[in-house]
Each structure stands twice: as structure tokens, then as C-alpha cells.
Visitor: 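Got a structure for you, questions after.
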Amino acid sequence: MEDDAPVIYGLSSRWARALTPQTAETDAIRFLVGTQSLKYDNQIHIIDFDDENNIINKNVLLHQVGEIWHISTSPADKGVLATCYNRSKCSFPRYLATRGSSDSRVLTCAAVWRMPKELESGSHESPDDSSSTAQTLELLCHLDNTAHGNMLVVGEPWGDGKKVICWPNNHILLWNLQESFQPGKGQLRFTSGRWSPHHNCTQVATASDTTLRGWDTRSMSQVYCIENAHGQLVRDLDFNPNKQYYLASCGDDCKVKFWDTRNVTEPVKTLEEHSHWVWNVRYNHSHDQLVLTGSSDSRVILSNMVSISSEPFGHLVDDDDVSDQEDHQPEEKSKEPLQDNVIATYEEHEDSVYAVEWSSADPWLFASLSYDGRLVINRVPRALKYHILL
Amino acid sequence: WAAVGAMAAGPDHGSGPGDSPEGPEAEAPERRRKAHGMLKLYYGLSEGEAAGRPAGPDPLDPTDLNGAHFDPEVYLDKLRRECPLAQLMDSETDMVRQIRALDSDMQTLVYENYNKFISATDTIRKMKNDFRKMEDEMDRLATNMAVITDFSARISATLQDRHERITKLAGVHALLRKLQFLFELPSRLTKCVELGAYGQAVRYQGRAQAVLQQYQHLPSFRAIQDDCQVITARLVQQLRQRFREGGSGAPEQAECVELLLALGEPAEELCEEFLAHARGRLEEELRSLEAELGPSPPAPDVLEFTDHGGSGFVGGLCQVAAAYQELFAAQGPAGAEKLAAFARELGGRYFALVERRLAQEQGGGDNSLLVRALDRFHRRLRAPGALLAAAGLAEAATEIVERVARERLGHHLQGLRAAFLGCLTDVRQALAAPRLAGKEGPGLAELLANVASSILSHIKASLAAVHLFTAKEVSFSNKPYFRGEFCSQGVREGLIVGFIRSMCQTAQSFCDSPGEKGGATPPALLLLLSRLCLDYETATISYILTLTDEQFLVLDSSLTARPRPATSSPLPGLCPARETARRLLTHYVKVQGLVISQMLRKSVETRDWLSTLEPRNVRAVMKRVVEDTTAIDVQVGLLYEEGVRKAQSSDSSKRTFSVYSSSRQQGRYAPSYTPSAPMDTNLLSNIQKLFSERIDVFSPVEFNKVSVLTGIIKISLKTLLECVRLRTFGRFGLQQVQVDCHFLQLYLWRFVADEELVHLLLDEVVASAALRCPDPVPMEPSVVEVICERG
């Protein structure tokens, strides 16, 4: 098994921006990719990665309503996913497009879907030619803007607002959130948003232009605000899964910044490794020193931010281990703290990388998706993995 | 007998027939020589002489008449046997004649000798007579001498007695005089005391003291001693009085102390008292200095102050120390220690005052006055320093001077920084000022020259000011600190390199300023600073360092080679400058690129591309972009060189380029314009990417115009690409993009190093727009061209 070689999967003749792991799945390594095409039927590719054999299996779901800008999966139910899409216009007669005005507007919508049961948990039994026979999604509900007269999308960059979806019990909550945002609607043009995994999921952070804002969903009020977090547009942000006040942001100034929300005047740390806009930043779910960034310079960079991680002195021995072998403790203590550094730069992509995601099942595995439809699955270098674990 | 022997040999000898056959004339010298030979022979010299004789016959030859072994019989035999009769006859006559001659010779000699002998005998007889007479006279002389001795002895015996008496009398006289002195002593002392001739009195007292001490058991002496003691006590009292009054200055006090010491007063106590008095006086000096220092602002200038301090306090201290050492030399190390402590304490207070005064001077700009003041201060302290080595005053003074020098260096560094910031403010103002009729063009280069020259002149001024510290005539300039550390560490590293570092830091801070978005620093300033740093890196720094080395380390070259290694470290100064220049320029590119890309982004984002009308014109934004790029080109061109371009574009005129590019464009875009071949688009662009190099958008730039502009254009076009990808286009939207890109291509290629780059990016923009268009119907290339030409 060639361990560190990347696995590349091409969505043939598709452009794509949307990538997500199947969050509820903890056994199989599975990613969902949504295509973006104005002229053809769009698809959702379910990519199964067989770690043992280094083989990729794919299943295709049809997504006929339009091109997919964003996709996310339910953390609770494997079969539930949400997409943000532009309603395709290609079915309209051509002359309509020339007429201009409101008729020809591309509508941006969001919907929640359920995928067919047999695809929920892998498709090993399904025949290989299943890719050719695409299956359809079952629509659960539309998150339509018409009901509220406002456009709400999950992380949709060009929407006027921000929809926040919470998945604790497979319910979509906080529909009234938008009203609380109404006052700021004029200026606030959210480009991105994330749930904080802490505080019992009551906090949301959003990015608009160069500003980062934190919101409390209970009181619908602003908790903190980082003005001029980046020199230019903030593209993405992510919460540290283990340290509740830490978040990472990235933007058009090619920088990745790490913030302590208790002190918003200056970043804790700044990385400047990319040579163009950074579109995506993701903390590893279990080892928050591993930070993944994807950029339109076609590179994916994996950084090791030990100094501001929750394990600044390396992985500490668990409590029961300590009780078993107390003599090991001093050794652990004496271990040299790692330096913050770039672990690896991945250059398998030819086009801008718009999405990077860690696998939900294997913390040492991640996928990146570039605009030309190339999906690359990589692993954390083995040496580093052992260094963190041991 | 010897003579007779010789005579006897003579006839034999003379009768030698072979020797003188020629005749009597030649015989004389021959004979004489022979006689000598005989004498020599007799006296034992003959052997050598005989042997050396040339052609001499065998000496053992018994037939040789002159030989020692002559045998008459053999000779006669030989003659008879060998010679004819005639020859025999001849030899006989010859022999007879020789014998006669010898006889007469002998007779003459005898006569002569005899006469001489007779006269000698006469002389001896006469001498005998004379001696006898002399002997008589000697006898008489001896008698007379005896008489004289006798008389002399008698006379001395008679005078003995009197001599002894005279000696005794002389002794008595001396004693009496001493006694008289003693008896007169009290009155003399009183008189001396009355007259104030204390020195005299003390001398008298000193002379009499021992005698009185010895004879004090005699009542009369005792009385005198008592009297003396009384007077002396009074004297001591008076002296002390005078001593305490103290007003009469250090030398007189010293005299008093000396006298008191001579009078046997306890040295310890005197020493204390002396120092106490000295302290009083010196403290007064210090007080007056302090008053001068005072809180009142019109303090005298520092030179005056140190002069005053030098002459007043340091002079006083010198006098005290000299007097003390003279007076209390007997005290040994303990005394010296006391003095040292005294000097240390007062010196410390003096230094504190001087430092306060110097601290007031820190802010001032005039170094020469300060240096002169320090020089005097230091010079004054060297004298007591020699006297009071233990007190360490000279070291302390040197330390103060060093500290002041360091502070001055710091002050100058601050000054330089301030000057640099001032320059920057000026530049900002100049840049911000509304440009009047004049173009901004020459202004930028001029500003750069102004800034550079003003900074350089500031540096030179600082160097000159600091250089005063090491001037030869300044007394402290030969201290090791000033020769070594001050030059290398202080001036070179601290001042110059420190300034360059801080300059770079200040410049770099412009890159990191949070106001990236607001553009708090005008881009022109960035450009100018970048050029300034680059100039520094290439020339100015090494020039300044050479200047510094020349001014400061030349002094040092005679010393150890220790500071030398520091000389060879211009690199730490250089590197940040180049790095800073690069960062500034990169930042400039980013800022300018941002300005243009914001423009492009707004233009893409705010437009409704689906409902746009058929393009008739190039959009105004694109023209604006080209205008701005041209302006930037001009701006950068003022400060940076052209740089290298790829050769292909150098000779392509605008016209040929446009033809070429449009034809090329045609070929390139043709597939993507036909909606039926989306696979080809994908494939083509992928293949194209395969062969084109990856473009680093925000890559560091070179120091030339082309590279700067390439950077800016890269950033702008990449932004355009990303923005286009986020939109959906209608047919005419796509055509508008087509027109815009063609227009950009027409004008931007000339700015960049590699026009391929522009083509590539613009192609990608159009391709992406086509992808984002549900109804991609491209415009005819010829129409595009016409529109662009019109615009």
C-alpha cells in the first residue's frame, strides 16, 4: 500500500465547487461532491474511498434543479443533505435571456434532500455500472426565500443573507434568525458562516467583507466583531473544535489568521503561504494543530499549528495510561514542543481549489476539490501522524 | 787568554792561501769579516753562521787554515804533495807576510787596551777619594739630626700642659653658650610667639627639648623646662586657634599642621581635624556649584560649569591631597586610606553634581561645547587621579565621560530617526499636496533625491558631532573605550547600523500597517521608500560604513586588531535593506494590484450580466484600468529601470500585435464558442494548462519596472478571472467580457515581461465566462476588433 501517494478522481467534464464529508458517517470514508454546470444536469457524486485497497467507488445522484454552489450533510442522519443551488436557466427559451430585467434572473435556492436508502451507508454491493445509472434525490423541503422575502443560503457567497441550519434532531431550526439580521441587511453581505461547536451550539460566526462577527442565536445579538480581520474579503472561517475561543479565517489577502475571540484587536497567528486568495480553511476534527487550506493558486497546504493548538506539547498520555505507567510521564513532559510549520504543500490541482475537507471517518485523510472537477484525496504524512500519536 | 787564543788562531787563519789570492787590497774587509767570524765562533754563535756561509769549505777539513780542525801536518803534507815548488814558494812568502801583519795588528791592540786600562785605574782611584769625603759629611748630618730631634721632643713636652687647658676652656665655652641659650629660651620663645614667628619658636623648642628632658632632675633646668612648656602650650594653643579659624587657606593651614606635628601633637587627631577643615571648604565649593546648577533655568553653560568645578573643587581637592600626603606621610597605609575615603566621598558628590549638569545638556544639539566641557572635566581630574590613585576618581571620571558619550550616541540615533520620520512626513505632504500645473513626474525622483541627501547629511552631521569625542586633543580620547568600543560598537554598530536597521524597520512597518484597505500609506511613498532602501543596499550603506571606518577605525588601527572583525560585518546592515526594498516593492504591487482589482471586481459584481445589452463599447472600467496601469507605469518608471522583457514583444508594434492576437484568439476560442463542443473546451483548457507554467499571482517582484507591472497586472487579471467564475452570464454578457478582454489585451501586453501571461489569463477569463454562460454565442472576432478600435 503506497501510503502517501494521493488518490485522484476526476468528475469527467464537470465543474465543481461543492464538497463535503458525510458527517454522520464514522466508519467509511465518504465525500459528497456537487457539480456546477449551467448547461447540463447537475449531479452529486458520492465518493467512497476504500482505504485498504486505495480504491474509489462512486455513486451518482441527479440534482436536476440547478448548479450546486454549496453542499452540506446532516451530522445526525446519513441520508440527509442540503444543497444551495442556482436554478438553472437553460430550459428557458433563449429569447427570454435577451430580454433582460427580472425575468431572466438566476434564482438562488436551497433545499434539503434525502438520498436513496441503499446509498446511505456505502455502496459496495452495488454494481460498478451504477455510476451510469444516476439515481434521484428525494426532496425533503425547500428552504425557499419566497416565504420570507429574503434569500437564505448556507455559506452561499453571493446571497444577501445567511441561513443557519442546525441539525440536532433532524429539524431545521431558527428560521426566525433572518429577522434579527434584517437591520443590518443593507451592509451585511455574508460570504461565509460557521456554527461554533462549543457553547451548546448557540453561537454562529459569519464573515462579511473584511469583518468577522459572532452571534448568539438565543438573543440574536452580536457577541463579538473583528473589524478588518483581513485586508480584503474574508472567504471562510472555521472554529477550533477543541478550544472554544479560537477560530481561523482566511481571505483574499492570501493570509490565514487565527483569532482568539476574547481579544479581537489582533490575530494570535498569521500564516502567509498561499500566493492567491485562500478560499477554505479547515481544522482537523480531532487534532486541531492540523490546519488545511485551499487556495485559488491551485495549492492545498497542510500546516501544523502546534503552538496555538489544544496540545501544544504534543499528545498527552490519557489519564488511565498515566495511572498505569506513571514513569512515562516525565518522558512526555520532556518532549520537545513542535514548531509551527507547513507540513506539506499539495500541488496536484491545475485549477483553483475551492473546497478542502477532512474526512469525518479518518482524521488523517482529507479531500480537496478544484474547479475543473478534480478531487484529490490525501493523507497526513505518516511520520507526522506517528509523531502526534506517540 | 781569550784574546790570546784569538791571536793564536789569527796567523793560521790569515795564512789561508785559497782565501785571498787576489792581493792585499781585497784582504782588509775579508779579514775583518773573518775576525768577526772568529769572535762569533768563540762565543758559540759560529755553528749557524759557519753553516750559513756560502760556499764555505767543509769545516771538518783538516786542510782548512781557518777551520777548527786544522791539522798543520796534513796541510803541509797536502801542500807538499800537490803544489809545485813555485807555488810552495809563493805560499811561504804569502804566509810570512800574513804572519807579520797579524803580529803588528796584535801589537796595536795590546797598546790600545793597555792605555784604556790605565785611565780606568786612574778614575777608580779618584772616586775612592771622593767617597771618603762624602762619608764624613754624612756622619755630620746624622749628628745634627739627632740634636734637632732632641730639641723638638723637649719643646712638645713643655707645651703639652697648656694645650690641654685650652681644649678644656673651649669645651666650657661651648657649654656655657648652650646654657645661655637654654636660659634665654623662655624669653626667646615668648618673643617669637609675640612676633608670630611660630616656625622659629618651634625650631627652638625642638632643639632644646631633648637637653631639657635629660637634665630635668636639676632644679634650674626644670624651671626652664616648665617655662618652656608653658610657652609651648600657649604656642600650641595659638597654632590651633589659627588652624581652626581656617580662613587663611590651605597652605597656611598646612603650615600650622606641620608645626603642630613638630610640637608632637597627636597626628591622628590632627589628621581628622585637617580633613574636617578641608571638607568644610570643599563642601562650600560644592554648594556653590549646586547653587549654580540650581533649579533656576539660566544655568551657566556647561563649559563654565565644569571650569568652575575644576578650578574650585578639584583644585581644592588637589591641594588638600598634596598637603595631606606631605604632612601625614608617616601615617602609612591607614592615612592614605583615610584620604582616599575622603576623596571618594567628596568626589562622588562632585560627580553627582556634574552628572546632573550634564544630564541637562543631553537634549542640546551642540556637541563641541559638551566635548570641551567633558575634556576639561576629565583633564582636571587626572591630576588628583595621579595623587589619589586609590580613590579611583580618574576611573569614575572616565566612566562618566563614557556614559555621557554613550548617551550622546543614543541621542544622535534618536535624532537620526526623527530626521528620517521628518523626511517621510515631508514626502507624504509633498505627495498629498494637490498637484499643481507641474506633473508629478519629476517630483518623485526629486523627492527621492531630497530624502536621500537629507538623510545622508544628517548622518554625516551626526558622525562629525560624535567624532569630536575621539579628537586627538581631547584628553580622554586615548582611553581604551574611546579607541575601541566607542568606535566599533558605539558609533559603527550602535549609531550607523542601528539607524539603518531602524530605518528598514520603519519602512517595513508600512507594509504591515493594518490600513491596507484604506491605503493609509500612499503607494508612491512605498515605491519611493523601496527605491531608497535599494539604493542604500547597493551604494549608500557601504559608503556610509566606509566613511565611518575611515573616521573612526583609522584611529584604532594602531591598537589591537580586536575591533577589526566587527568591521567586516557590513552584511547584517545590508541584508535588511534589500529585504525591505523587496518587501516594500511587493507591497506596492499588492496595493496597486488591489486598487485595480477592486475596480474590476466591482465592475463584475455590480453588473447584471444576464440582462445586459449587446456590447457596443468597451466598458469605461476597462479604459480606466488601462489608464491607471499607464499611470503606474509612469510612476514606477521614474524610479526603476525598465527591466527585461521577453524578446518576442520587443519589435511587435501595436498594429501587428492586434492582428496577431486576434487571429490567435480566433484559433484559441473557436471551440469554446460553439456550444456543441463543451468537451473540447474542457480538454483544450486542460491541455493548455498542462503546457503553461503555473502562475504565481502574488510572487515577489524584481527591482524593475516590468516586473512590478507584471505583478500588478497578474493580480488584477486573476481577480477578474475569479470574479467572472462566480457570476452567470447571458449571451451578451459573455460578448461584453469578450470585448473587454480583447481591449485589455490590446493595451496591457506592453507593460509585462511576458505577453503570453496576459494572453493566458485573459483567455482563461473568456473561457470561464463562456462556461458560466448558459447560452454561449461568441461575438465575431472582427466585430470585437472594430469595437475595441473604436473605443
Side-chain angles (χ1 to χ4, degrees), chain A residues 10 12-15 17 36-40 67 69 86 88-92 94-106 157-158 189 209-210 227-228 230-233 252-254 265-266 270 272 274-277 279 295-299 347 349-352 354 371-374, chain B residues 512-518 587 590-591 594 597-598 601 605 608-614 675-676 678-683 685-690 692 694-700 714-715 718-719 721-723 725-733 764 768 770-777:
Chain A
S12 55
S13 74
R14 304 288 186 212
W15 308 89
R17 278 174 185 270
Q36 190 182 37
S37 169
L38 286 163
K39 295 155 206 161
Y40 304 98
E67 50 174 5
W69 284 90
N86 275 357
S88 175
K89 283 289 159 187
C90 58
S91 57
F92 281 45
R94 242 170 226 172
Y95 65 89
L96 271 182
T98 63
R99 224 190 256 165
S101 184
S102 58
D103 280 336
S104 61
R105 265 196 70 195
V106 170
W158 304 111
R189 215 172 108 119
D209 201 12
T210 63
E227 296 275 0
N228 281 328
H230 285 266
Q232 302 173 46
L233 201 68
D252 285 1
D253 56 359
C254 314
T265 49
E266 57 182 292
T270 301
E272 196 171 1
H274 285 293
S275 69
H276 202 242
W277 306 350
W279 284 77
S295 153
S296 44
D297 64 358
S298 320
R299 291 193 182 95
E347 309 206 1
H349 292 287
E350 304 283 351
D351 209 330
S352 304
Y354 291 130
Y371 190 58
D372 55 6
R374 182 180 295 184
Chain B
D512 310 327
S513 60
E516 281 171 280
K517 194 163 160 254
H587 191 61
K590 274 191 193 178
V591 169
L594 183 64
S597 45
Q598 289 291 9
R601 174 192 286 202
E605 281 177 9
D608 182 0
W609 290 98
L610 280 171
S611 52
T612 184
L613 294 176
E614 190 168 2
S676 59
M679 290 291 284
D680 290 359
T681 325
N682 206 347
L683 200 66
S685 80
N686 271 340
I687 292 173
Q688 176 197 326
K689 273 177 199 161
L690 212 61
S692 65
R694 191 186 282 265
I695 300 167
D696 264 345
V697 180
F698 289 106
S699 55
K714 263 196 308 194
I715 292 173
K718 180 77 177 176
T719 306
L721 173 66
E722 293 294 339
C723 290
R725 281 183 177 182
L726 290 170
R727 302 292 303 194
T728 309
F729 294 85
R731 189 206 301 167
F732 295 137
E764 251 187 274
S768 292
L771 267 178
R772 299 295 310 151
C773 176
D775 179 28
V777 179

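Convention: sequence-line order gives letters A, B, ...; per-chain numbering from 1. All figures in this text were calculated on a predicted structure; none of them were measured in a lab.
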Visitor: Return the OG to CD1 distance between S275(A) and I715(B), rounded to the nearest 0.5 Å.
Guide: 10.0 Å
Visitor: Checking the side chain of K718(B) only, and the main-chain atoms of W277(A) only, is there a donor and an acceptor separated by less than 3.5 Å?
Guide: no
Visitor: Should W15(A) and R725(B) count as side-chain neighbours, where that means a heavy-atom distance under 4.5 Å?
Guide: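 No - every pair of side-chain heavy atoms lies 4.5 Å or more apart.
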Visitor: Using 0.5 Å steps for rounding, measure from the CG atom of L721(B) to the OG atom of S296(A).
Guide: 8.5 Å
Visitor: Under a 4.5 Å heavy-atom cut-off, does chain A meet the side chain of T719(B), its backbone, both or neither?
Guide: both
Visitor: Do E722(B) and Y371(A) have side chains that approach each other closer than 4.5 Å (heavy atoms only, starting at C-beta)?
Guide: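 Result no, sub-4.5 Å side-chain heavy-atom pair not found.
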Visitor: Can you find a heavy atom in the side chain of E67(A) that is under 4.5 Å from one in the side chain of R772(B)?
Guide: yes
Visitor: Report which part of E272(A) has an atom under 4.5 Å of a heavy atom belonging to chain B: side chain, backbone, both, or neither.
Guide: side chain
Visitor: Could you grab the distance from atom CG of D252(A) to atom CZ of R601(B), nearest 0.5 Å is fine?
Guide: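 Going from the CG atom of D252(A) to the CZ atom of R601(B) covers 4.5 Å.
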Visitor: Using side-chain heavy atoms (C-beta onward) and a distance below 4.5 Å, is L771(B) in contact with Q36(A)?
Guide: no
